[in-house]
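Working notes for the structure below.
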Amino acid sequence: MGCVIFLKGCNFRCPYCHNPELVEGNGRDCSEISEEFLWEFLEQRRGLLDGVVISGGEPTLQPWIFDLCEGLKDLGYAVKLDTNGSRPEIVEDLLKGGLVDYIAMDIKSDPAGYRSVTREEGASDKILKSIKLIMDNAPAYEFRTTCVRPLVDNSRMRTIARMVEKANLYVLQAAHQTKVLCPEFFNGLSQASAGLGGGNKRGTPILSKNELEALKSIVEPFVNRCIIRS
Ligand code: SF4
């Protein structure tokens with residue numbers, strides 16, 4: 001059993017983001033709980049919790065990520081990091097310091113598709129760098145993609161499969177239209193209005209079970225293991 005620390009602030013704007021309240025803001029400037037409470041909570045649960053997940057938002061944007069991971073390791077916790085992979089230099093330093101035990105990195109789309117979820121220059125180069133760093137150095141990891149049109153289709157998935165070639169684990173995640181950052185994206189309105197260009201001829205960005213299975217069959221020859229997480 002573990003717990004999750006959510007850090008505010010993200011440089012991406014994924015339309016299906018389930019934590020819209022965490023996209024804006026700053027990881028340390030959080031009114032939900034104080035750092036004092038956080039460390040007291042973790043100290044009291046030493047030996048009871050196996051590990052801590054650091055999620056967001058995008059945790060690697062926060063300068064105190066190193067303090068946080070060091071503190072968790074000092075308390076004896078295993079640390080899992082959720083990241084969008086946009087800060088390879090931070091991922092590299094965390095790995096060099098032995099501060100993370102497991103990394104789950106999102107892959108949003110093929111390199112061309114990244115323009116739709118972030119306005120940062122060179123985002124796809126950074127993504128490719130993070131993939132290599134993680135594959136070469138992480139103690140354990142997974143790459144994962146939330147599957148929505150038009151960020152993901154068979155053609156884009158062939159490119160993504162090559163991006164993660166030889167990875168230990170690649171996860172296809174089904175999308176759910178619950179509380180999301182960009183509800184209009186799921187409401188059959190033009191995806192251009194959601195900043196994603198094109199239109200959605202099928203009426204929903206959510207892929208069916210059969211479509212997810214088709215994506216899985218595209219990726220499977222490239223990686224050690226590919227699963228669908230619904
Ligand atoms: S899904 Fe992750 S990367 Fe995308 S906007 Fe939400 S927190 Fe940021």
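All ligand and atom numbering here is 1-based and tracks the order in the structure. The basis for the numbers below is simple: all heavy atoms, side chains too, and nothing from hydrogens, waters or symmetry mates.
A salt bridge does not link Glu58 with Arg87: every distance from a Lys NZ or Arg NE/NH1/NH2 to an Asp or Glu carboxylate oxygen is 4.0 Å or more. Under 4.0 Å is where a charged nitrogen must lie from a carboxylate oxygen, and between Asp101 and Lys73 at least one such pair does. Salt-bridge formation is detected for the pair Arg13/Glu24: a Lys NZ or Arg NE/NH1/NH2 atom is positioned less than 4.0 Å from an Asp or Glu carboxylate oxygen. At a threshold of 4.0 Å, the pair Lys129-Glu92 does not count as salt-bridged, since none of the basic side-chain nitrogens sits closer than that to a carboxylate oxygen.
Less than 2.8 Å away from atom 8 (Fe) of ligand 1, the protein contributes these N/O/S atoms: Cys10 SG.
Using cut-offs of 30° and 60° for the angle between ring planes, the Tyr114 and Phe12 rings count as perpendicular.
Scored by the ring pair (Phe, Tyr, Trp, His ring centres under 6.0 Å) test, Tyr141 finds Phe143 as partners (sequence neighbours excluded).
When non-hydrogen atoms are compared, ligand 1 lies under 4.0 Å from the side chain of Lys108 (C-beta onward) but not from its backbone.
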